[in-house]
Amino acid sequence: MYFSLATLFVSALTLLSGVRALGPRTQCVETYRISNGDTCSSIGSWSGVTPSQIESLNPGMNCNSVLKANTYICMGSYTPVCTLNETATDTLCDALAAQWEITVDDFVQYNDNVDNNCDNLVVGQPYCVSITGCFPGNTDAFCDQ
Ligand SMILES: *[C@@H]1O[C@H](CO)[C@@H](O)[C@H](O)[C@H]1NC(C)=O
């Protein structure tokens with residue numbers, strides 16, 4: 001278990017409030033396969049993730065109903081921090097993705113206000129193009145050029 005409680009707490013708050021900041025999407029980084037007889041409380045006792053946190057991490061899941069064995073649930077999530085924004089000059093993300101050497105899927109992942117086709121950008125608005133310090137063009141000594 002390497003997820004931090006602080007991350008979980010922030011994720012839970014974000015999910016509960018339904019408010020999403022503009023930026024990278026929250027990703028599930030820790031999953032668990034349900035065993036026969038598991039309950040949210042039993043999972044909570046060894047993992048430290050409370051039943052209400054489990055419900056927050058798994059929208060639609062109800063800890064009061066019987067958990068289905070062999071299905072996977074999310075136990076920890078992480079929201080990357082954007083390290084570089086770039087202004088859109090097109091409604092498509094292809095050119096920006098190519099320029100910053102990321103895939104279209106990455107672009108969608110980094111921008112929760114962009115649809116899966118990556119074709120609804122607003123010209124003139126900033127979009128996240130990196131979640132690492134070493135984006136193309138960064139000449140910092142610790143970046144492998
Ligand atoms: C990128 O833009 C988002 C949304 O406006 C902002 O919250 C974030 O701080 C910006 N990040 C950088 C590195 O400029």
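Numbers here are sequence positions counted from 1. Excluded from the calculations below are hydrogen atoms, water molecules and symmetry mates; all remaining heavy atoms, backbone and side chain alike, are included. Just so you know, ligand 1 is whichever comes first in the structure, and atom 1 is the first atom listed for that ligand.
Checked against the 6.0 Å centroid criterion, the rings of Trp46 and Tyr32 qualify as a close aromatic pair.
Heavy atoms of Cys82 approach ligand 1 to within less than 4.0 angstrom.
At least one N or O atom of Asn85, backbone or side chain, sits closer than 3.5 Å to an N or O atom of ligand 1.
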Evaluate Tyr127 against Val122 for side chain to side chain contact (heavy atoms under 4.5 Å, CB included), listing each step before the verdict.
CA-CA 9 Å; Tyr127 290 89; Val122 178; 3.7 Å; yes
Go through the steps for Phe135 and Val129 under the test side chain to side chain contact (heavy atoms under 4.5 Å, CB included), then give the verdict.
CA-CA 8 Å; Phe135 39 79; Val129 293; over 6 Å; no
Which is it for Val49 and Leu57 under the side chain to side chain contact (heavy atoms under 4.5 Å, CB included) test, yes or no, and what are the steps along the way?
CA-CA 10 Å; Val49 184; Leu57 287 161; 4.2 Å; yes
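Considering only non-hydrogen protein atoms, atom 7 (O) of ligand 1 sits nearest to Leu22 O, 4.4 Å.
Within a 4.0 Å radius of atom 9 (O) of ligand 1, the protein contributes no non-hydrogen atoms. Shown here, atom 5 (O) of ligand 1 is out of close reach of the protein: none of its heavy atoms lies under 4.0 Å off.
Donor-acceptor pairing under 3.5 Å is recorded for the side chains of Thr103 and Asp106.
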